[in-house]
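Residue numbering restarts at 1 for every chain, and letters A, B, ... go by the order of the sequence lines.
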Protein chains: 2
Amino acid sequence: MSKCEQCIVREFNSLKALTKEELIRVTGCKTSKIVKKGEVLFDEGEYINGIFCVKDGVCKVSKMSDNGRDQIIHLIKKGDIIGERSLINNEASNLKAIAVNDMEVCFIPKEEILRDLENNASFSMDILKKMANSLKEADDVIVDMAQKTVKQRLAATLLLLDAKFDKNENGSMNISLSREDIANIIGTATESAIRLLSEFKKKKLIDLKGKEIFINDIKALRELSEGF
Amino acid sequence: MSKCEQCIVREFNSLKALTKEELIRVTGCKTSKIVKKGEVLFDEGEYINGIFCVKDGVCKVSKMSDNGRDQIIHLIKKGDIIGERSLINNEASNLKAIAVNDMEVCFIPKEEILRDLENNASFSMDILKKMANSLKEADDVIVDMAQKTVKQRLAATLLLLDAKFDKNENGSMNISLSREDIANIIGTATESAIRLLSEFKKKKLIDLKGKEIFINDIKALRELSEGF
DNA sequence: CGATTGCTTGACCCCCATCAATCCTCGTGG
DNA sequence: CCACGAGGATTGATGGGGGTCAAGCAATCG
């Protein structure tokens, strides 16, 4: 089993605040796991009893709305940690996580993390900072959802994806979301998202080749998302 | 100056986790303040440099969207703490807070809180829990904003206000929001909110007497908010 | 190579944003 | 005490955004 002390991924998240001794203990109690594309990492209502550290791959984190449609709230990628919130307030997860492509994750059981939170102020402070930042981002999303048109939200989402994920060799975004996924991020019907995507393509803001998306005109997209 | 050790309000928020000695120090460095209805407690972009503990009154916390409308994201009331997020990630506030009625608040400077966060694991754990819970609530708001109609959101907001605030003697909700405020909570135009309110009144779900709002039929409102 | 799933486009219609006009309410000054 | 002005509340009219249903097309898979 690979050792946390030597894991590069750790450097990107709060686990970097752990001491060497703590990391060795984590190595001893963690489990690794492969999650195939489309598989459920955890579901709404499930007790996770620990946190996941994503070594590779991407998953979509969503919540079912009363009307029966999934709203995607987060995209989690390599280096991110997920599950810490349910762990902290000791509740079942309010969210569902599904792998967007094949993932490799490590699972660290609750007790170990709670112990570290108690004893390592620097670790808990880092978690605090991460959560404060997530809250700030959530504020932005709420405002966008409440005030922006679907077109603006699509433009903003494309920019966000462009910033968050790497490019393939040909310049397309290295994340394979279905049209439905995209619609579920911006909170609209799949057909609406499709229509707007092809409108953007017609205006040369983006290019579409099957599932691949190329961002051509960041500036225009930014103006669109801000409502010009 | 009143003493934090004897302040009842503290029992409702994370400050209850502080030790007696810490509370005495807080008493020594805190300042009290009266904020009149309509006055700004803090503005977007401002460095707060501490936290506010609300002894009395209510304030609306909002964020300006690109299109120039304020979106109200939180309503903060007696017993709540506000400002901890900007303090934790050491940034200017991304939100604006305006008093909805006359308020009485205590201000505790940053250094004191940071010191307590470092030294009192139970305090920082309590803050963590509060933030984890806020994130969960934010998820719900995002889903509602993205997926629900304006009518559903108004119903949900009325229920939320009903649950969060006390009643007056005559049974109306003890919070005086303008129609514009209500519209800015649910993220719609003022006229739309007004129209829906009078529709609800016609259907006997609520009653309106000037600014006062009476909730008549919780069950019907709940069904409405869930989309029946 | 069917068959299932996802993508795309068209048609239709309702919700809601916007503009405009009026009414109401309340605080201020004459 | 009243007049008046300003801001909020209300109602009407209108047009466009976007949700929904339906049908045709492409692609992926057993």
K3(B) backbone acceptor or donor facing Q6(B) side chain under 3.5 Å = no
inquiry  = One thing to verify: whether D140(A) and K63(B) come together as a salt bridge, which I'm taking to mean a side-chain N less than 4.0 angstrom from a carboxylate O.
reply    = yes
request  = Give the angle between the helix axes at the two ends of the helix from dC1(C)-dG30(D) to dG30(C)-dC1(D), taking five base pairs at each end and rounding to 10°.
outcome  = 40°
request  = State whether T188(B) places a side-chain N or O below 4.0 Å from either non-bridging phosphate oxygen (OP1 or OP2) of dC16(C).
outcome  = no
ask   = Does the pair D217(A)/K204(A) count as a salt bridge with the N-to-O cut at 4.0 Å?
value = no
ask   = Rounded to the nearest 0.5 Å, what separation is found between the CG atom of L161(B) and the CD1 atom of I215(B)?
value = 7.5 Å
message = How long is the straight-line distance from CD1 of I213(B) back to CG of D207(B), given to the nearest 0.5 Å?
response = 10.5 Å
message = Could you tell me how far apart R179(B) (CZ) and dT25(C) (C1') are, to the nearest whole angstrom?
response = 13 Å
Nucleotide dC7(C), atom P - distance to CG of L208(A) in whole Å = 11 Å
inquiry  = Looking at D80(B) and K55(B), is any side-chain nitrogen of the basic one under 4.0 Å from a carboxylate oxygen of the acidic one?
reply    = no
key: Distance, rounded to the nearest Å, where I194(B) contributes CD1 and dA20(C) contributes C1'   = 14 Å
message = Near DNA chain C, counting only heavy atoms under 4.0 Å, which residues of residues 61-74 of chain B show up?
response = R69(B)
key: Residue K77(A) excluded, over 12 heavy atoms near NZ under 6.0 Å   = yes
request  = Could you go through the side-chain hydrogen bond (donor to acceptor under 3.5 Å, both in side chains) check for K60(A) and N184(A) one step at a time?
outcome  = CA-CA 10 Å; K60(A) 54 183 178 183; N184(A) 289 345; over 6 Å; no
request  = Could you tell me which residues satisfy side-chain hydrogen bond (donor to acceptor under 3.5 Å, both in side chains) with E212(A), sequence neighbours excluded, listed by chain and number?
outcome  = N170(A), S172(A)
task = Answer yes or no: does a side-chain N or O of R195(A) lie under 4.0 Å from OP1 or OP2 of dT9(C)?
result = no
key: K110(B) atom NZ: more than 12 heavy-atom contacts under 6.0 Å   = yes
inquiry  = Give the residues of residues 139-161 of chain B touching DNA chain C, defined as any heavy atom closer than 4.0 Å, sorted by residue number.
reply    = T149(B), V150(B)
task = Could you check how far CG of L196(B) sits from C1' of dC15(C), rounded to whole Å?
result = 10 Å
key: Whole-Å gap separating C1' (dC7(C)) and NZ (K209(A))   = 18 Å
ask   = Nearest-Å distance, CD (E180(B)) to C1' (dA17(C))?
value = 15 Å
Salt-bridge present (R179(B), E191(B); N to O < 4.0 Å) = no
message = With a 4.0 Å cut-off on N to O distance, would you call K151(B) and E199(B) a salt bridge?
response = yes
query = Below 3.5 Å, does any donor atom in the side chain of E191(B) face an acceptor in the base of dC19(C), or the other way round?
reply = yes
task = Considering only NZ, NE, NH1 and NH2 on the basic side and carboxylate oxygens on the acidic side, decide whether D66(A) and K148(B) come within less than 4.0 Å.
result = yes
inquiry  = Reading DNA chain D in the 5' to 3' direction, which nucleotide is the first one with an atom under 4.0 Å from a heavy atom of chain B, and which is the last?
reply    = dA9(D) to dA13(D)
message = If the condition is side chain to side chain contact (heavy atoms under 4.5 Å, CB included), which residues does S86(A) pass it with, not counting sequence neighbours?
response = I48(A), S93(A)
